[in-house]
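Shown next, in structure tokens, is the structure this report addresses.
Throughout, protein chains are lettered first and strands after them, A, B, ... in sequence-line order, and every chain is numbered starting at 1. Excluded from the calculations below are hydrogen atoms, water molecules and symmetry mates; all remaining heavy atoms, backbone and side chain alike, are included.
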2 protein chains.
Amino acid sequence: MIFRGRFEYTIDPKGRVNIPAPFRDRLQESAQGSFFLTNFSDCLYAFAADDWARIEERLSRVPSTDRKMNAFVRFFLGGVVEVVPDKQGRILVPPSLRSYAGLEKEVVILGMPNRFEIWSLARWQEEIGRFEKEVHEDPGLAREISALGI
Amino acid sequence: MIFRGRFEYTIDPKGRVNIPAPFRDRLQESAQGSFFLTNFSDCLYAFAADDWARIEERLSRVPSTDRKMNAFVRFFLGGVVEVVPDKQGRILVPPSLRSYAGLEKEVVILGMPNRFEIWSLARWQEEIGRFEKEVHEDPGLAREISALGI
DNA sequence: GGTAATTGTGGGGAAAGGTGGGTAACGGTT
DNA sequence: AACCGTTACCCACCTTTCCCCACAATTACC
């Protein structure tokens, strides 16, 4: 499932964040509005139930002898929670995820293919800043982008 | 049985640790809430009754002539205890397991496929630190992760 | 442009979850 | 048989989470 757009919200003292209405509508179609939230690359990844099921399937096939990949599973699966927006469309972000992603006040939610992401506003701005710098300095990156037909 | 999420607790002076409520619920479905706890890879592994039965089945097929594997069985099966959470949802971790996993105060419980794990907070942070370093330095690992469809 | 619906934010109260401690049963040892 | 340390079970408190309701702001629609 693909998600589109960028949304800014504030996380309240209780740790609740609003989920964009269009995303909620899309999630309603598949599961009963629930989705899965986990930690990755300095932000939170959110997956629709059936996309997450596919991922879990693959995670459970990782051999327990593969030390590095096991560490990844500990991190990724260990981070996950199933969440359901309340009647106002918010979810409660567990303390562990809140601190991982550095969510304190201003929050950005981004659509992505197969998922959406929850960022602290400050971190997301840094990330974008880095990208803009690189796209100017790295001709290879620019070529890769134009290869997408953009 | 798959377990999801990360939970932080404190182990009290009596050696009791809380078990995450969602895990307790899942364990209730199969056995009467009991599970099996043993020592492995610097932490404690916890298995639901039927998953553990499968493991014992395989352990009992290890030929007694296989010296190395026998050492493993001694270690793994020798460490195991069956535990049942009390009315408050805690278990008593036997001293031998407590010292093996270095559990003193702060404890992390992690969901994994087929089991959950009990870590000392400090050790788990080291483990995660190592992983994050490797994922940045090792492009092969990053590729393996993205191959999971993430 | 005015009205209605939707969306986002804040807060209160009830329920659940987690922590600490007391006391009685148990088991092993002298 | 008495003693000591450990375990099991119980109760009480505090914090967090869940589920409401209310209001402000924005958007959609006539």
message: Looking at A:Arg130, I'd like to know if its CZ atom is crowded, meaning that more than 12 non-hydrogen atoms belonging to other residues, nucleotides or ligands lie closer than 6.0 Å.
response: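 Check passes, neighbour count above 12.
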A:Trp52 and A:Phe47 aromatic ring geometry - parallel, tilted or perpendicular at 30°/60° bounds: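 Rings of A:Phe47 and A:Trp52: tilted, as their planes differ by 30° to 60°.
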- prompt: According to the interplanar angle, ranging from 0 to 90°, do the rings of A:Phe75 and B:Phe131 count as parallel (below 30°), tilted (30 to 60°) or perpendicular (above 60°)?
  reply: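 The rings of A:Phe75 and B:Phe131 sit tilted, inter-plane angle from 30° to 60°.
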field: For A:Glu104, all residues meeting side-chain contact (heavy atoms from CB on, under 4.5 Å), sequence neighbours excluded
entry: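 Per chain and number, A:Glu104 pairs via side-chain contact (heavy atoms from CB on, under 4.5 Å) with no residue.
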query: Mapping B:Glu8 and A:Glu8 onto DNA chain C by nearest heavy atom, which one lands closer to the 5' end?
result: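 The residue closer to the strand's 5' end, by nearest nucleotide, is A:Glu8.
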Separation of [X] atom [atom1] from [N] atom [atom2], in whole Å?
X: A:Tyr9; N: C:dT9; atom1: OH; atom2: P; value: 7 Å
X: B:Asn18; N: C:dA16; atom1: CG; atom2: C1'; value: 12 Å
X: A:Ile91; N: C:dG8; atom1: CD1; atom2: P; value: 13 Å
X: A:Lys87; N: C:dT7; atom1: NZ; atom2: C1'; value: 15 Å
X: A:Ile19; N: C:dT7; atom1: CD1; atom2: P; value: 14 Å
X: B:Leu92; N: C:dC26; atom1: CG; atom2: P; value: 17 Å
X: A:Glu106; N: C:dT9; atom1: CD; atom2: C1'; value: 14 Å

Are any protein N/O atoms closer than 3.5 Å to N/O atoms in nucleotides 11-13 of chain C? If there are, list each pair with its distance.
{"from": "C:dG11", "atom 1": "N7", "to": "A:Arg16", "atom 2": "NH2", "distance (Å)": "2.9"}
{"from": "C:dG11", "atom 1": "O6", "to": "A:Arg16", "atom 2": "NH1", "distance (Å)": "2.7"}
{"from": "C:dG12", "atom 1": "O6", "to": "A:Lys14", "atom 2": "NZ", "distance (Å)": "2.5"}

query: Can you list every pair that meets side chain to side chain donor-acceptor pair (under 3.5 Å) and has a residue in residues 81-98 of chain B, with sequence neighbours left out?
result: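 Applying side chain to side chain donor-acceptor pair (under 3.5 Å) to every pair that reaches into residues 81-98 of chain B, excluding sequence neighbours, yields B:Ser34-B:Glu82.
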field: side chain to side chain donor-acceptor pair (under 3.5 Å) pairs, two or more places apart, involving residues 70-81 of chain B
entry: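 Qualifying pairs, neighbours excluded: none.
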query: Less than 4.0 Å between a side-chain N and a carboxylate O, is that true for A:Arg123 and A:Glu127?
result: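 Answer for the salt bridge query: no.
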field: Terminal contacting nucleotides, 5' and 3', DNA chain D versus chain B (heavy atom, 4.0 Å)
entry: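 Result: D:dT7 to D:dC11.
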Enumerate donor-acceptor pairs with a distance under 3.5 Å from any side-chain N or O in residues 137-150 of chain B to protein atoms, sequence neighbours excluded.
{"from": "B:Asp138", "atom 1": "OD1", "to": "B:Gly140", "atom 2": "N", "distance (Å)": "2.8"}
{"from": "B:Asp138", "atom 1": "OD1", "to": "B:Leu141", "atom 2": "N", "distance (Å)": "3.2"}
{"from": "B:Asp138", "atom 1": "OD2", "to": "A:Lys68", "atom 2": "NZ", "distance (Å)": "3.1"}
{"from": "B:Ser146", "atom 1": "OG", "to": "B:Arg143", "atom 2": "O", "distance (Å)": "3.1"}

field: Between A:Phe23 and A:Phe35, ring centroids under 6.0 Å
entry: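 Ring-ring flag for A:Phe23/A:Phe35: false, centres at least 6.0 Å apart.
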